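What you see is a predicted model, and the numbers here were worked out from it, not measured in a lab. Read the numbers this way: they start at 1 and go in the same order the structure lists the ligands and their atoms.
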Amino acid sequence: MLAAFAQRLEPLHSNVFDQLDQAKWEARRSGLDVIDLSLGSSDLPPPPEALAAIQRALADPSTYGYTLFHDTAEFRAACAQWYLRKFGLEIDPETEVLPLIGSQQGTALLPLALLNPGDVALITDPGYPSHGGGIHLAGGIPYYLPLRAENRFLPQWDEIPAEICRRARLLVLSYPHNPTTATVTPEFWQETLQFCQQHDIFLAHDFPYVDWRFDGQVAPSALLADPGKTRTIEFFSLSKSYHMGGFRVAYAIGSRELIRALRLVKSTIDFHPYQGILRGAAAALAAPDSFLDNWRQVYRKRRDLAVAALHRIGWPVPLPEATMYLWAPLPEFYRGSSAQFCLDLVRATGVALSPGSGFGPGGEGYVRFALVAEGSRLEEAIERIGEFLGKGTSGLRQA
Ligand SMILES: Cc1ncc(COP(=O)(O)O)c(C=O)c1O
């Protein structure tokens, strides 16, 4: 059926998440109590200051029209201030910040600004789907950097063929990493920048989990390794740190040339977010650090409880250092088919997880838990998984 449409749709087509969505919906319709741990959509509320600012804006008719770039000045200033506070980095809010309707918009559109058809872009496998999707839409060729457990899910620069390095224009990374939960050090960004300089490659860093480390550290910005902002652009989202995924607000920050190029692409496609949402987002960015500390406590407890419960049912899932996820190597019976495992699981128990293969072939053999439910619901979900595995494995053994 897709043959009648543009060829660029082809690589975007096969989506295991669509199948899972359908199975979730059918499970609900059949009366199952669905516990949905498949999406990284936090169940906690945004900062009250953000909601109050949005509410005030709704009563202000001057906010109802299109939002042009100069109308976003207050938000951009809040973004620059946030980077200064968090990383000590000086940012020019006029030229080095661009508001986005979600960071996914930014990472998906950036390749249109940077790649000519046939140019190579380096992305990770597994990785976040919009990274590869944007490269395909731009006619670029993705080269997948395998992230393996034995390398702590970090790319291995010396394994990339010289010809690929020569043709590559863009490298897209994201740490703390979804789905593997891996983290990096400031030294990693220095090595990465050296690699990019050596091969004249732009660096895009998708950075929504900056506040999601549980060891008391702030995840390092890639811009710290490129303080002159010569070739780096970073994407921050209000979806995760401030629990505002549905509001669709984020920003790009970094090299003014990259910001200008991305702004050109974006301005052909849409305007900026609703003024009220930008005011709410600015209020969120100015919220005291105690807001972040409080939800981190909640998620740390969930993480500990879920990992302990999984160990109790005989599933030794590693304790992640960061992110809202668990990256769980599948029990042997299902190792080759994470999609089948997730479909069988949701149909039998109502528990929805994400198959590792949805993040690229390198994710096969894993499933991802998003810890987006209260502790008692997580325990309930894991109990059901325990029963399912008990039945499933003996069923498979008999087969
Ligand atoms: C790595 C990564 N980038 C981007 C996003 C989406 O962010 P946004 O809601 O700002 O589009 C997610 C959401 O799960 C993510 O994990």
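- Ion pairing of Arg384 with Glu379 is absent here, as no side-chain N (NZ or NE/NH1/NH2) approaches a carboxylate O to less than 4.0 Å.
- Contacts of ligand 1 (protein heavy-atom distance under 4.0 Å) are Gly102, Ser103, Gln104, Tyr128, Ser174, Asn178, Asp206, Pro208, Tyr209, Ser237, Ser239, Lys240, Arg248, Tyr325.
- A salt bridge is defined here as a Lys NZ or Arg NE, NH1 or NH2 lying under 4.0 Å from an Asp or Glu carboxylate O, and Asp226 with Arg231 fails to meet this definition.
- Judged by the 6.0 Å distance and 45° axis criteria, Arg368 is positioned over the aromatic ring of Tyr325.
- Remark: Arg302 qualifies as a cation-pi partner of Tyr299 under the 6.0 Å distance and 45° angle criteria applied to the six-membered ring.
- Under 3.5 Å, the side chains of Asp344 and Tyr334 contain a donor-acceptor pair of N or O atoms.
- In this structure, the salt bridge (Lys or Arg N to Asp or Glu O under 4.0 Å) partners of Arg76, at least two apart in sequence or on a different chain, are Glu94.
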